[in-house]
Amino acid sequence: MTKPLTITEASCADDYDPNSMPVAKARAFINTFLSPVKGFARLPIRSALGRVLSEDIISPVNVPAHINSAMDGWAIRCEDLADNPAAALTEIGTSFAGRPFQGAVSNGQCVRIFTGGVVPESCNAIVMQEKAHADGKTITFNAGVQPGQNVRYAGEDLKQGAVALARGRLVRPAELGLLASLGISDVSVYRPLRVVFFSTGDELVSIGSPLAEGEIYDSNRYTLHGMLTRMGCDVIDMGVVRDDPALLEKAFHDASEIGDVVITSGGVSVGEADYVKQLLTKLGEVVFWKIAMKPGRPLAYGKIGKAHFFGLPGNPVSVMVTFYQFVRDALLILQGVNPIPVQPLLKVVCTSAIKKAPGRTEFQRGVLYLEDGIYKVRTTGEQGSGILKSMSDANCFIMLHDHVGNVDAGATVEVQILEGVI
Ligand code: AMP
Ligand code: MG
């Protein structure tokens, strides 16, 4: 087995251009350095909602547990009708869901049965009540009854001993129900990721304090708090750190000691990058990219000690876009999710004209709406990377690939829906 490349070695590959890094390549690069956290907890299933299974769940039972009826009708022996479909059978009892018929069914007999009722042993088909005629206990049937019709066999949905849910599955409402249906009361899940974050910038003020001239409120820590909490991470907010090398060094160091992941915003753009770069090169192994995308051009990724580090740009929209395009999948991998769900790109008509230069991927904020029974998308308007309202108004990203140039109104574009992701 060849030894995996270190971050520095990988970033020295021939075709690697830190000044124009395609989105897909940056994502693939990051993903090669990620593996699920170690550490598990056994939880009652309700508490496992939103967590990731760290073990395969083997079905202890057959599902369904018994051969049963899919319809309200009569359980019959097909051979009784084989020669004479018009033959009348005698109803000798009833099988309710949860209250099986106890006797034996012989030649010329049938049993009234309801959905979920156990099919008596010698019967091999269910005729739905609409295809039969009852005259007291004498039942006649339409022609064409097939063996196995409307019968649900034991284990046909899931066999005892088969993998019901594989390790890596996110526990959602359907999984809770499935686990309960198997009688499973607790499961082993990966421990939550600990994510530490802070903002950098002399201009930043935390809410609650008045602003002096030239200062702005720190919003990135709030969007990060929201995005990380939605993803089920344990979050540790270290506040604002001034653009001061000694303070930053301490903050990076402290964060890497307590977090599985460290996320910062600001301070990785040109100008600032050089001294942050020196600092991070001293503390760990970090690569700095100019991603061929808009917004979100500067991005840093690496390891500080054992912690994964994401240095996001400072602009509020760039933080959210780079989080969703790079950090989200990375956190899913670290959380143990496997396989990583594919985020669908939907093709829809764009009713706004968009100016765009080829050579980079753009993530415009869009509003997907329904008009005359057809889904269409328009932009949210001004797309500056500081306009957080554009994220708030958006329900999708309009994703314009590297090769795409200007988009005329009426052209088809691809959108990534935010609902369910954010
Ligand atoms: P930087 O990447 O540090 O050069 O920041 C780029 C832009 O984003 C600047 O206009 C910053 O003032 C702004 N910015 C940086 N961090 C934050 C933050 N936490 N909240 C709001 N705006 C920020
Ligand atoms: Mg800054």
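As a basis for the values below, the full set of heavy atoms in this structure was taken, side chains included, without hydrogen atoms, waters or symmetry mates. Order of appearance sets the numbers: ligands from 1, and atoms from 1 within every ligand.
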Gly201 near ligand 1 by a heavy-atom separation under 4.0 Å: no
Of Phe197, Phe252, Phe33, which meets ring-ring contact (aromatic ring centres under 6.0 Å, His included) against Phe309? Phe252
Quick check, are the ring centers of Tyr369 and Tyr375 under 6.0 angstrom apart? no
What do you reckon, is NZ of Lys25 surrounded by more than 12 foreign heavy atoms closer than 6.0 Å? yes
Show the atoms of ligand 1 that are less than 4.0 angstrom away from any heavy atom in Asp218. 18 (C), 19 (N), 20 (N)
Can you establish whether the number of heavy atoms outside Arg242 located under 6.0 Å from its atom CZ is more than 12? yes
Numbered in order shown, the ligand 1 atoms found under 4.0 Å of a heavy atom of Tyr217 are 20 (N), 21 (C)
Of Ser219, Gly311, Gly314, Ser199, which has the heavy atom at the shortest distance from atom 5 (O) of ligand 1? Gly314
Flag Gly266 as yes when one of its N or O atoms lies below 3.5 Å from any N or O atom of ligand 1, and as no otherwise. no
Heavy-atom distances under 4.0 Å decide this one: backbone, side chain, both or neither, for Ile216 against ligand 1? side chain
Got a sec: does the NZ of Lys294 have more than 12 other heavy atoms crowding it under 6.0 Å? no
For Tyr217, does the OH atom have more than 12 heavy-atom neighbours from other residues, nucleotides or ligands under 6.0 Å away? yes
Within the structure, does Asn220 bring an N/O atom to less than 3.5 angstrom of an N/O atom in ligand 1? yes
Count, waters excluded, of protein N, O or S atoms under 2.8 Å from the Mg ion (ligand 2): 1
Report the part of Leu204 (side chain from C-beta onward, or backbone N, CA, C, O) that has a heavy atom under 4.0 Å from ligand 1; answer both or neither where that applies. side chain
With nothing but distance in play, are any N or O atoms of Gly267 less than 3.5 Å from an N or O of ligand 1? yes
Of all the atoms in ligand 1, which lie at a distance below 4.0 Å from a heavy atom belonging to Pro316? 21 (C), 22 (N)
Checking a contact table here: which protein heavy atom is nearest atom 11 (C) of ligand 1, and how many Å away? Glu203 OE2, 3.1 Å
